[in-house]
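A quick write-up on the structure given underneath.
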Amino acid sequence: MKRLLLSTICGLALCGTALAQDVTLRASHQWPGGKGDVRDEMVQLIGKELEKANVGVKLQVFPGESLFKAKDQWGAVTKGQIDMTAFPLDYASGRHPAFSATLMPGLVGSHERAQRLNDSDFMKAIKAEVEEAGAIVLSDAWLAGGFVSSTECITSPETAKGQVLRAAGPAFEEMLVGAGSSISSMPSSEIYTGMQQNVLTGANTSSGSLISYRIYELAKCLTAPGENALWFMYEPILMSKRSFDRLNEEQQKAVMAAGQAAEDYFAGEAEKLDSELVDVYKENGVEVTTMSKENYDAWLKIAKETSYKNFAEKVPNGQKLIDDALAVE
């Protein structure tokens with residue numbers, strides 16, 4: 001009888017730590033803290049919204065890999081070692097190959113299309129796998145990005161031939177290798193050191209990271225997103241499902257509302273990041289160019305022969321994921 005009563009109480013979300021009036025959640029991410037990076041600002045905004053909600057939940061933020069290294073945060077959030085993270089989902093594609101679709105060359109193309117993808121069958125499948133692994137998505141965020149190089153502008157595939165480049169995930173790596181580049185894999189937080197030590201001649205990453213990590217100090221040329229943005233990456237705010245389930249219903253609603261506020265904030269900032277990127281690089285004497293439609297199509301042709309083909313063949317339901325994404329107009 002006691003076991004049945006306890007089960008009933010727990011079913012009402014009143015057992016364990018949910019009984020506590022005050023809960024402190026820990027958020028970890030790789031981005032510089034308090035320096036204007038939009039992903040850090042999203043996490044900080046969630047903390048402020050939770051304070052305003054007055055439901056007994058506070059958020060402690062550990063930026064700049066101070067708690068976990070960039071790629072270790074996926075394991076930490078799914079196991080409940082941290083409660084929240086701002087995480088580039090493709091970083092977990094080694095464990096979940098389907099996630100590399102969230103950094104597939106040319107699959108997104110624009111901020112407007114990214115918004116439409118968020119509620120598509122494509123993203124429903126991705127989010128279902130996130131949840132099965134032990135996390136939930138609080139805020140959607142797609143960042144555009146571009147190329148930097150310390151030697152020459154990367155525009156057509158020929159300009160990348162012979163360069164040693166960092167790509168954010170396997171889909172871009174396969175495309176770049178197909179164009180004749182060599183690859184050195186690392187998180188975006190290590191690009192600056194890689195270029196400084198001549199391990200890299202260039203990289204592709206998000207507009208936010210290109211600014212936050214001061215890569216303009218080492219770059220000769222920036223290929224900005226522009227109208228033909230080849231690079232878009234899904235970098236959501238995630239919460240540990242274990243941590244979320246420990247909260248009571250009022251606290252859970254407050255967390256979801258805070259996540260939506262952060263997503264709305266990001267939507268207003270996304271395109272500004274691209275404009276700021278161009279301004280910052282020009283101010284620092286870096287040549288800035290964009291990719292022509294002809295060059296974009298040449299890259300996409302290589303991507304379809306390499307990364308798209310490999311994804312469809314090797315990832316369960318890979319072709320369906322690509323088709324579902326392409327079906328979004």
Side-chain angles (χ1 to χ4, degrees), residues 87-94 96-130 137 140-147 154 157 160 165-179 181 183 188 203-209 223-236 266-267 270-271 273-274 290-329:
F87 186 73
L89 195 62
D90 190 65
Y91 281 12
S93 61
H96 302 274
F99 292 171
S100 64
T102 63
L103 182 59
M104 186 68 70
L107 199 65
V108 181
S110 71
H111 292 286
E112 293 79 13
R113 191 161 186 279
Q115 289 285 319
R116 294 193 294 276
L117 277 173
N118 285 336
D119 297 317
S120 66
D121 289 341
F122 165 67
M123 285 307 298
K124 285 175 184 174
I126 295 293
K127 290 176 182 179
E129 186 158 345
V130 169
V137 174
D140 291 314
W142 291 88
L143 279 81
F147 291 86
I154 299 173
L165 302 175
R166 177 268 184 185
F172 264 85
E173 288 180 352
E174 289 163 358
M175 181 190 72
L176 289 168
V177 169
S181 303
I183 299 298
S188 56
N204 58 28
T205 190
S206 69
S207 296
S209 293
T223 307
E227 293 182 2
N228 300 297
L230 192 68
W231 198 103
F232 264 87
M233 188 176 196
Y234 185 59
E235 304 186 24
F266 174 80
E271 291 190 53
L273 280 175
D274 300 343
T290 54
M291 200 172 288
S292 68
K293 182 65 166 62
E294 181 182 4
N295 287 333
Y296 173 90
D297 289 341
W299 279 111
L300 198 56
K301 182 176 185 294
I302 294 173
K304 288 180 177 178
E305 293 168 351
T306 56
S307 48
Y308 278 67
K309 182 174 182 290
N310 291 337
F311 186 84
E313 291 177 353
K314 297 177 180 179
V315 177
N317 296 316
Q319 188 60 57
K320 185 178 187 308
L321 276 172
I322 290 173
D323 290 344
D324 285 347
L326 294 174
V328 177
E329 297 181 356

Residue list, salt bridge (Lys or Arg N to Asp or Glu O under 4.0 Å) with [X], at least two apart or on another chain:
X	answer
Lys320	Asp324
Glu313	Lys309
Lys301	Glu305

- side-chain contact (heavy atoms from CB on, under 4.5 Å) assessment of Ile154 paired with Asn204: CA-CA 10 Å; Ile154 299 173; Asn204 58 28; over 6 Å; no
Closest non-hydrogen atom pair between [X] and [Y], with its separation:
X	Y	value
Leu165	Ala203	CD2-N, 3.9 Å
Leu273	Gly208	CD2-CA, 4.5 Å
Thr290	Gly226	CG2-CA, 4.1 Å
Trp231	Gly146	CB-N, 4.5 Å
Phe311	Gly318	CE2-O, 3.4 Å
Ser292	Asn228	C-ND2, 3.5 Å

Mind checking the [atom1]-[atom2] spacing from [X] to [Y]? Nearest 0.5 Å is all I need.
X	Y	atom1	atom2	value
Asp274	Leu143	CG	CG	8.5 Å
Ile183	Glu173	CD1	CD	5.5 Å
Ile322	Lys304	CD1	NZ	10.0 Å
Leu326	Gln319	CG	CD	8.5 Å
Asn295	Leu230	CG	CG	10.5 Å

Is there side-chain contact between [X] and [Y], with heavy atoms separated by less than 4.5 Å?
X	Y	value
Tyr296	Glu227	no
Phe232	Leu117	no
Met233	Pro88	yes
Trp299	Leu176	yes
Ser188	Tyr91	yes
Leu300	Tyr308	yes
Thr205	Arg166	yes

- Message: Filter on salt bridge (Lys or Arg N to Asp or Glu O under 4.0 Å), then keep only pairs touching residues 112-128, sequence neighbours left out; what's left?
- Response: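 Those involving residues 112-128 are Lys127-Asp140.
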- side chain to side chain donor-acceptor pair (under 3.5 Å) filter on Asn317, not counting sequence neighbours, yields none
- Message: As a quick check of understanding, evaluate side-chain hydrogen bond (donor to acceptor under 3.5 Å, both in side chains) for Glu271 and His111, giving each step before the final call.
- Response: CA-CA 7 Å; Glu271 291 190 53; His111 292 286; 5.6 Å; no
Only distances under 3.5 Å count here; give the side-chain donor-acceptor pairs of residues 98-109 to other protein atoms, sequence neighbours excluded, each with its distance to 0.1 Å.
{"residue": "Ser100", "atom": "OG", "partner": "Pro97", "partner atom": "O", "Å": "2.9"}
{"residue": "Thr102", "atom": "OG1", "partner": "Phe99", "partner atom": "O", "Å": "2.5"}

